[in-house]
Amino acid sequence: MIPFLDLKSVNAALRAELLEACARVIDSGWYIAGNELAAFEQEFAAYCATTHCIGVANGLDALTLTLRAWQEIGRLKDGDEVIVPANTYIATLLAITENHLTPVLVEPDASSFNLCPAAVAAAVTPRTKAIIPVHLYGRLADMPALLELADEHRLLILEDAAQGHGASLHGRKAGNWGDAAGFSFYPGKNLGALGDAGAITTSNDELAETLRALRNYGSHEKYRNLYQGVNSRLDEIQAAMLRVKLKYLDQQTAQRRKIAHCYLDNIKHTAISLPTWGHEEQHVWHLFVVLSKHRDRLQHQLTQAGIQTLIHYPIAPHQQSAYPEFNHLQLPITERLHAEVLSLPMGPSMTLEHAHIVAEAINNAAL
Ligand SMILES: *Cc1c(COP(=O)(O)O)cnc(C)c1O
């Protein structure tokens with residue numbers, strides 16, 4: 001069987017270092033908000049070339065707390081409109097609605113899967129206050145165009161970088177373009193912990209300070225509470241795991257690129273569209289997503305051939321039961337993508353030999 005992502009082998013390759021880091025935390029006697037977190041925050045901020053990194057419990061909290069912090073600072077208020085790609089993972093929307101902000105769903109560009117700047121421009125109203133571009137599947141959104149729009153209309157940009165660790169354009173990485181960015185370190189993400197974890201990167205001092213308080217009961221100083229905050233902390237064990245894994249991120253991304261290029265060079269089936277990838281450094285291939293009008297048949301045949309694939313995502317956020325207020329929306333590009341996308345096996349421990357087998361199985365599919 002060729003698994004979709006073999007996390008066990010990804011982490012087994014770093015086993016000795018992970019165990020050593022784990023032992024260091026156990027022996028330190030300090031398990032929350034200690035040296036490992038401070039060091040990881042510094043190392044990840046350096047990686048993204050931002051002034052700050054604030055560790056939190058998960059990626060959803062990273063997005064939710066950033067929007068909340070902008071409310072505390074007076075940059076956003078209830079009912080403000082936030083533009084978001086309609087084909088994102090539902091977490092992006094949850095962060096908006098949790099804060100009583102209004103999501104404005106726009107159609108993505110069908111070839112990059114990312115926010116389409118022209119569609120964003122058309123969706124801006126006087127109530128629009130922020131844009132959340134999502135670097136979907138690991139491809140950096142069109143940040144130069146979105147920055148220009150944000151500048152023109154005085155909008156905040158929060159990058160949803162949960163799938164984009166290390167994606168860059170002209171040397172500028174995901175997490176460095178927006179006013180802030182939310183990262184997830186869920187185990188299956190390109191930089192994954194061995195449990196839940198997330199972080200915000202920003203170069204804005206006021207936002208960073210507010211976030212540091214919000215994640216810790218709203219406390220900026222022990223036993224004094226400035227905000228009605230939450231408990232959303234990245235613990236020492238996970239921070240220690242992430243410090244080990246960050247060292248190997250670029251090397252792992254390089255392997256993902258090799259797999260992606262093997263697929264791009266070898267998949268020739270006329271009924272399947274391959275993803276576009278832009279500039280070489282722009283894509284970190286969190287997922288390798290093909291499109292087919294016969295997606296379900298293709299998935300079935302690959303399963304028969306012992307190849308595991310997944311669908312990201314089978315149901316669009318606006319069609320979810322959680323959002324009855326959006327169920328009436330007609331978003332044909334988004335709906336078509338949800339019906340046609342299929343994610344092929346991809347990961348840093350995958351071999352080129354397996355990628356060739358997958359490509360051949362696809363070329364032989366009877367669609
Ligand atoms: C994974 C993911 C999130 C949420 O991250 P968690 O750590 O699972 O909370 C948010 N947005 C996108 C695009 C994601 O892929």
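As the structure lists them, so they are numbered: ligands from 1, and atoms in each ligand from 1.
- The immediate protein surroundings of ligand 1, defined as residues with any heavy atom under 4.0 Å of it, consist of N58, G59, L60, Y89, A91, V134, D160, A162, Q163, S184, K189.
- At most 12 heavy atoms of other shown residues, nucleotides or ligands fall within 6.0 angstrom of atom CD in E360.
- Y47 belongs to a hydrophobic cluster whose remaining members, ordered by chain and number, are L37, F40, F44, F183, F185, L191, L234, L242, L246, L249; membership requires side-chain heavy atoms of ILVMFWY residues under 4.5 Å apart, directly or through intermediates.
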Open item on the list: Quick one, E159 with H135, criterion side chain to side chain donor-acceptor pair (under 3.5 Å). Give me CA distance, side-chain angles, the key distance, then yes/no.
Closed with: CA-CA 8 Å; E159 300 170 66; H135 307 308; 2.8 Å; yes
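- Residue pairs meeting the salt bridge (charged side-chain N to carboxylate O under 4.0 Å, His left out) criterion with at least one member in residues 244-259, sequence neighbours excluded: E17-K247, R257-E280, R257-E281.
- Within the hydrophobic cluster formed by Ile, Leu, Val, Met, Phe, Trp and Tyr side chains joined at under 4.5 Å, directly or through other members, I131 is accompanied by I83, V104, V106, L115, V120, V124, L140, M143, L146, L147, L149, L155, I157, L169, W177.
- In terms of modelled atom types and a separation under 3.5 Å, the side chain of N363 and the main chain of K268 share a donor-acceptor contact.
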